[in-house]
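All values reported here derive from a predicted model rather than from experimental measurement.
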Amino acid sequence: MSESENYALAVNGEVREVKDAWLGESLLYVLRERLGLPGSKGACEQGECGSCTVFMNGNAVCSCLVMAASAVGSEIATVEGLNPDGTLTDVQEAFVSEGAVQCGFCTPGLVMAVHHLLEENPDPSEHAVKEALSGNICRCTGYGRIFAAVDAVVSVRKEMSR
Amino acid sequence: MPVQLPISLSSAIEMLANTPNAQLLSGGTDFMVEVNFNHRHPEHVIGLRNVKELQQWSINSETSTVYIGASVPYSTMETGELAAALPALAQAARTVGSPQIRAAGTLGGNLGTCSPAGDSLPVLSALDATVHLASVDGERNVPFNEFMVGPKRNSRLPHELVSGVTIPMSTGFQGYAKVGVRNAMVISVASVCLALHNDAVSVALGSVGPTILRCPEAEQWFNDLGAQQLTDSIATEFGARVSAESRPIDDHRSTAEYRRHAVGVLATRLLQRGYAQ
Ligand SMILES: Cc1cc2nc3c(=O)[nH]c(=O)nc-3n(C[C@H](O)[C@H](O)[C@H](O)COP(=O)(O)OP(=O)(O)OC[C@H]3O[C@@H](n4cnc5c(N)ncnc54)[C@H](O)[C@@H]3O)c2cc1C
Ligand code: FES
Ligand code: FES
């Protein structure tokens, strides 16, 4: 075992100290077990399910595949940081109202992926939505309610920008 | 400091020379899976995330080549100028994993892993790309087809890192096709890159041999024909010859028989696409 690592990460706009960590720890592990941010979920730990999706320098990535100690100097944003006051974002509201949450395990990762998609493409085609969410697995809903939630956000946002 | 994060190429190669057991980390999409599953136990890591030189890419219209730095992610190759210059690479990039994987995964990492299923590799092979290796001894340039020497084996020396690749643009069509069990998030069962350059065809196969395979006999046969028009029988014969040059095995993803068949079908299809353009 190598010596322990001390470093600081920029998470949700705050500097967070990480002490006595092992260098191989994933960002997912550090967020959940060391920084008290359990919103990002861990299921596969091999990049397949997307439940651990966070933003790193504005890109949606799997936090299970980021070596935490290598994320020093990068801007990390988690589901907890979407609305820092703890209220729900429009995407989260739509997931609730459209019935896109069943067991909820995939929800934080999907919410992050949807926010990222709509940031890049405010009016995505059905195909673009499916491609953008292809890295997020949901075992409960069958995806129909999730696509309905995305559609709902898109139309509300369109309405508001009119 | 066991995790080092250089910001320049010169400091990265300096660190690598000074820490012989250091492991290179780019997007982490292969590396961290191995760490998470206890198959890799790094003690020193050089993270290349912040090295500016490795993030660069450029298109040189004079030499008709594209340079892509080792840390450029797949998401950059999928669309825009790079995709227009290298459509086959864009198609290959788009089949990698999921958007999250494509935002993190890089060419440097695909070359570092050198799996016969690596999706960028048949493209580098068919287009005769050159791999650039950097070390304190200077730069070494190795044709991709000599760089990969076996399954997950390449000719990189321990004190070298992949800094980038130079890829010639083809004068004609180029395309990439892949077979897997579904559309998203799938490692290839068989894949083919085909390019038409100065009226000659080149074709490279993934997942059907210990390395990426070029098909010199099928290429030669087709090029000697000098066909002005592509008939169905020529396209089918070409596919059969490509199949004959594959060297697939049975494994948990598929059978040798299916793979041999699949690369033939994909090669025929890509050739027809090339001539339909
Ligand atoms: C869910 C999932 C799906 C995937 N799907 C695909 C797919 O469809 N097609 C495909 O081809 N791959 C796939 N992969 C594998 C992986 O994403 C690719 O091989 C990717 O290109 C690796 O790049 P990286 O930057 O993440 O490399 P890393 O994981 O950082 O590194 C990979 C290896 O290369 C070495 N390395 C890294 N950078 C350099 C360098 N500059 N010089 C020398 N060595 C270096 C590392 O030491 C390591 O051994 C998938 C992976 C996951 C987790
Ligand atoms: S836990 Fe990271 S993708 Fe599944
Ligand atoms: S709601 Fe259960 S996995 Fe998606």
Chemist: Between the side chains of B:Asp250 and B:Thr255, does any donor sit under 3.5 Å from an acceptor?
Modeler: no
Chemist: Can you tell me which of A:Cys44, A:Ser26, A:Ala113, A:Ala60 forms the most heavy-atom pairs within a distance under 4.5 Å of chain B?
Modeler: A:Ala60
Chemist: Can a side-chain donor-acceptor contact be found between B:Asp119 and B:Tyr74 if the only test is distance below 3.5 angstrom?
Modeler: no
Chemist: Any residues in residues 14-41 of chain B near chain A, with a heavy-atom distance under 4.5 Å, and which are they?
Modeler: B:Leu25, B:Gly27, B:Gly28, B:Thr29, B:Phe31, B:Met32, B:Val33, B:Val35, B:Asn36, B:Phe37
Chemist: Name the member of B:Gly47, B:Ser98, B:Pro99, B:Pro73 that forms the most heavy-atom pairs with chain A at distances under 4.5 Å.
Modeler: B:Pro99
Chemist: For atom CD1 of B:Ile7, decide whether the heavy atoms of other residues, nucleotides or ligands shown that lie under 6.0 angstrom number more than 12.
Modeler: no
Chemist: Ignoring hydrogens and angles, state whether a donor on the side chain of B:Asn50 or B:Gln55 is under 3.5 Å from an acceptor on the partner side chain.
Modeler: no
Chemist: What part of A:Glu131 gets within 4.5 angstrom of chain B, counting heavy atoms only: side chain, backbone, both, or neither?
Modeler: both
Chemist: Taking the inter-plane angle between the rings of A:Phe147 and A:Tyr143 on a 0 to 90° scale, is it parallel (under 30°), tilted (30 to 60°) or perpendicular (over 60°)?
Modeler: parallel
Chemist: Which residue, B:Asn154, B:Leu133, B:Val131, forms the side-chain contact (heavy atoms from CB on, under 4.5 Å) with B:Leu111?
Modeler: B:Val131
Chemist: Can you say whether A:Thr53 sits under 4.5 Å from chain B via the side chain, the backbone, both, or neither, judging by heavy atoms?
Modeler: side chain
Chemist: Looking just at side-chain N and O atoms, do A:Thr78 and A:Ser40 make a donor-acceptor pair shorter than 3.5 Å?
Modeler: no
Chemist: Indicate yes or no for a side-chain donor-acceptor contact from A:Asn83 to the backbone of A:Asp85 under 3.5 Å, with no hydrogens or angles considered.
Modeler: no
Chemist: Only pairs of heavy atoms separated by less than 4.5 Å count here; which of A:Ser134, A:Ser70, A:Gly50 has the most with chain B?
Modeler: A:Ser70
Chemist: If only side-chain N and O atoms count, and only distance matters, is there a donor-acceptor pair under 3.5 Å linking B:Ser191 with B:Tyr176?
Modeler: yes
Chemist: Do you know the tightest heavy-atom contact between A:Ala69 and A:Leu23?
Modeler: CB-O, 4.4 Å
Chemist: Do A:Glu25 and A:Arg34 sit within salt-bridge range, that is, some charged N less than 4.0 Å from a carboxylate O?
Modeler: yes
Chemist: Hey, which residues of residues 76-97 of chain B are touching chain A, say heavy atoms under 4.5 Å apart?
Modeler: B:Glu78, B:Arg94
Chemist: Among side-chain atoms of B:Ser10 and B:Ser8, is any donor-acceptor pair under 3.5 angstrom?
Modeler: yes
Chemist: Name the region of A:Cys64, side chain, backbone, both or neither, that has any atom closer than 4.5 Å to a heavy atom of chain B.
Modeler: both
